[in-house]
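Only one structure is covered here, and it is reproduced in the block below.
Letters A, B, ... are given to chains in the order of the sequence lines, protein chains preceding strands, and every chain is numbered from 1.
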2 protein chains.
Amino acid sequence: MAKKQSSEVTRDLLRAHDLRPTRQRMALAKLLFPKPGHKQHVTADALFAQATKAKTGVSLATVYNTLHQFTEAGLLREVSVSSATYFDTNTSPHHHVLDEDTGMLTDLKPGRLALTGIPRPPRGSQVTSVDVIVRMRKKA
Amino acid sequence: MAKKQSSEVTRDLLRAHDLRPTRQRMALAKLLFPKPGHKQHVTADALFAQATKAKTGVSLATVYNTLHQFTEAGLLREVSVSSATYFDTNTSPHHHVLDEDTGMLTDLKPGRLALTGIPRPPRGSQVTSVDVIVRMRKKA
DNA sequence: CAACAGTTTAGAGTTATTCTAATCTACATT
DNA sequence: AATGTAGATTAGAATAACTCTAAACTGTTG
C-alpha cells in the first residue's frame with residue numbers, strides 16, 4: 001500500500017532545506033512528495049486544486065510562493081520558458097539561447113548543438129516541434 | 001545601403017503564400033522581412049510597437065493574427081512552450097515531451113536524447129538551464 | 001461595380017502569475 | 001510559558017500576454 005509520507009519525514013525534509021514547517025508547506029510537501037522516489041509534474045493550478053480538494057486551507061498565492069521556494073531549495077525543477085512567444089524569421093531548424101536578463105533571444109549556430117534520440121511519436125501522433133532553449137543569466 | 005524591400009516584392013511574397021496583400025499585412029511583412037536573408041526574432045508586442053512607431057494603422061489583434069498566419073504559411077517559426085509552468089519533482093537533468101492535446105508533460109527516458117555542443121556562456125554569465133521540449137500532437 | 005469572402009478592429013474576456021499590504025504564526029528569547 | 005519579531009500567509013487587485021467577439025471594412029471575382 002502506498003502509504004503517505006509521515007509528518008515527521010516531511011518536517012525533516014523542510015527543516016533540512018531551511019524552510020519553516022508551516023501547516024501549508026507541510027500539506028503541499030505531502031502532496032508533492034507522498035513517498036520517496038515518487039516523481040510527478042504539477043502546475044500551480046493543479047496543485048491548488050488538489051490542496052483544495054483535500055480541504056487544506058491554502059491560498060493560490062501560497063501555492064505559487066511554495067513552489068518557487070521548493071524550486072530554490074532544489075526540491076523541484078521548473079520547466080518552462082519565458083512566457084512570451086517569439087517569432088523567428090529564420091524558419092530552418094535551429095535552437096536558441098535566451099538571455100534571461102534582457103529577454104533577448106539569439107540563434108545557436110546550427111550544427112553546434114546536436115540532438116539525437118528524439119523519441120518516435122505514437123501512431124496517429126506527430127512531433128510538432130523540438131525546441132531547445134539554453135537559458136543564460138549573469139552570475140549573482 | 002540597406003534598402004527596404006519593395007512593395008512589389010512584398011506583395012508577391014504574400015500572394016505566393018495565399019495571403020491577400022492588405023495594407024496591414026504589407027506593412028508588417030516589410031518590417032519582418034526588410035530584405036531577403038535578414039533574420040530576426042520578434043515578439044507580438046515588439047512588432048506592434050514598431051508598427052505603431054512607423055505610424056502604420058495596425059491593431060494588436062491584427063499583429064497576432066498576422067504572426068500566426070505567417071507562421072502557418074511557413075514564413076515564420078514560433079518559439080515557445082505551453083504558457084503554463086510545470087514543476088517537476090524529478091530534479092535530475094532530463095528532458096520532456098509535451099502532449100499538446102492534453103497538456104500532459106512526461107519525462108523523456110534519460111540517456112535516450114543526447115545533447116552535445118551546449119555553448120560556453122560568456123564570462124560573468126552562467127547557463128541556468130537547458131530545456132528540451134518535444135511537442136507532440138495528434139495528426140489532423 | 002456589386003457582392004461576398006476574407007480581413008481588421010476595439011474592446012471585453014481569459015489565463016497564468018505576481019504584487020500589496022494587512023494579518024498571522026513559528027520559534028528563539030526571555 | 002509568554003513575548004517579540006522575522007518570516008509566512010492571504011484576499012484581492014494588478015499585470016502580461018494573449019484570444020475572442022461581433023461589427024465594420026476591403027480585396028477580388030464575376
Side-chain angles (χ1 to χ4, degrees), chain A residues 7-8 10-29 31 41-52 55-73 75-76 78-87 98 100 103 105, chain B residues 7-8 10-29 31 41-52 55-73 76 78-87 98 100 102-103 105:
Chain A
S7 291
E8 201 182 328
T10 304
R11 195 180 318 275
D12 289 351
L13 180 73
L14 293 178
R15 284 242 175 75
H17 290 274
D18 277 313
L19 296 164
R20 284 191 191 177
T22 64
R23 178 175 57 74
Q24 293 87 338
R25 293 212 270 238
M26 289 290 287
L28 295 177
L31 289 170
H41 298 102
V42 99
T43 60
D45 238 44
L47 184 59
F48 179 59
Q50 271 185 73
T52 301
K55 301 240 189 316
T56 314
V58 178
S59 72
L60 182 57
T62 296
V63 169
Y64 274 104
N65 290 340
T66 304
L67 285 172
H68 286 134
Q69 289 152 1
F70 284 11
T71 299
E72 255 179 84
L75 291 168
L76 295 174
E78 201 175 331
V79 183
S80 76
V81 295
S82 149
S83 59
T85 300
Y86 290 80
F87 292 86
L98 178 67
E100 296 192 300
L105 191 73
Chain B
S7 292
E8 201 182 329
T10 304
R11 194 181 319 273
D12 289 351
L13 179 74
L14 293 177
R15 284 242 174 78
H17 289 276
D18 276 314
L19 295 164
R20 284 193 193 176
T22 64
R23 179 176 56 77
Q24 292 87 338
R25 292 212 269 238
M26 289 288 289
L28 295 176
L31 289 170
H41 298 101
V42 100
T43 59
D45 240 41
L47 185 59
F48 179 58
Q50 272 185 72
T52 301
K55 301 243 188 317
T56 314
V58 178
S59 72
L60 182 57
T62 296
V63 169
Y64 275 105
N65 290 341
T66 303
L67 286 171
H68 287 133
Q69 289 152 1
F70 284 10
T71 299
E72 257 179 82
L76 295 174
E78 202 174 328
V79 184
S80 76
V81 296
S82 147
S83 61
T85 300
Y86 291 81
F87 293 85
L98 177 68
E100 296 191 302
T102 63
L105 192 73

Within residues 59-68 of chain B or reaching into it, pairs that qualify as side chain to side chain donor-acceptor pair (under 3.5 Å) - sequence neighbours excluded: B:Ser59-B:Thr62
Inter-axis angle, terminal five-pair segments of the helix from C:dC1-D:dG30 to C:dT30-D:dA1 [nearest 10°]: 20°
Integer-rounded Å distance: C:dT23 C1' and A:Asn65 CG: 15 Å
Contact list (N/O, under 3.5 angstrom) for nucleotides 4-7 of chain C vs protein:
unit_1	atom_1	unit_2	atom_2	d
C:dG6	O4'	B:Arg20	NH2	3.1
C:dT7	OP1	B:Arg25	NH2	2.3
C:dT7	O5'	B:Arg25	NH2	3.4

Main-chain N/O of A:Met26 paired to A:Arg11 side chain as donor or acceptor, under 3.5 Å: no
For B:Glu72, salt bridge (Lys or Arg N to Asp or Glu O under 4.0 Å) partners two or more places apart: none
Listed pairs, N/O of protein and of nucleotides 19-23 of chain D, under 3.5 Å:
none

Those residues of residues 41-52 of chain B lying under 4.0 Å from DNA chain D by at least one heavy atom: none
Gap between atoms CG and P, on B:Leu14 and D:dG27 respectively (whole Å): 13 Å
Minimum heavy-atom distance between B:Arg15 and B:Pro21, given as atom pair plus value: NH2-CG, 3.9 Å
Shortest non-hydrogen separation from A:Leu67 to A:Ala44 and the atoms involved: CD1-CA, 3.7 Å
B:Phe48 and B:Thr56, any side-chain heavy atoms less than 4.5 Å apart: no
Rounded distance (Å) that lies between atom C1' of C:dT17 and atom CG of A:Leu67: 12 Å
Steps toward side-chain contact (heavy atoms from CB on, under 4.5 Å) verdict (A:Phe70, A:Arg25): CA-CA 9 Å; A:Phe70 284 11; A:Arg25 293 212 270 238; 4.2 Å; yes
Smallest separation among heavy atoms of B:Leu105 and A:His41, with atom names: O-ND1, 3.0 Å
Distance in angstrom units between B:Arg15 CZ and D:dT29 C1', rounded: 13 Å
For B:Leu28 against B:Val63, the heavy-atom pair lying closest together: CD1-CA, 4.1 Å
Atom pair CG (A:Asp45) and OG1 (B:Thr85), whose distance is rounded to the nearest 0.5 Å: 11.5 Å
Working for side-chain contact (heavy atoms from CB on, under 4.5 Å), residues B:Leu98 and B:Tyr86: CA-CA 11 Å; B:Leu98 177 68; B:Tyr86 291 81; 4.0 Å; yes
Which atom of B:Ala73 lies closest to which atom of B:Leu19, heavy atoms considered: CB-CD1, 4.3 Å
D:dT9 phosphate, OP1 or OP2, under 4.0 Å from A:Thr62 side-chain N/O: no
Rounded distance in Å - CZ (A:Arg23) to P (C:dC27): 14 Å
Nearest-nucleotide 5' precedence on DNA chain C, A:Pro21 against B:Thr66: B:Thr66
A:Leu75 and A:Leu13: CA distance, side-chain angles, deciding distance, side-chain contact (heavy atoms from CB on, under 4.5 Å) verdict: CA-CA 9 Å; A:Leu75 291 168; A:Leu13 180 73; 3.8 Å; yes
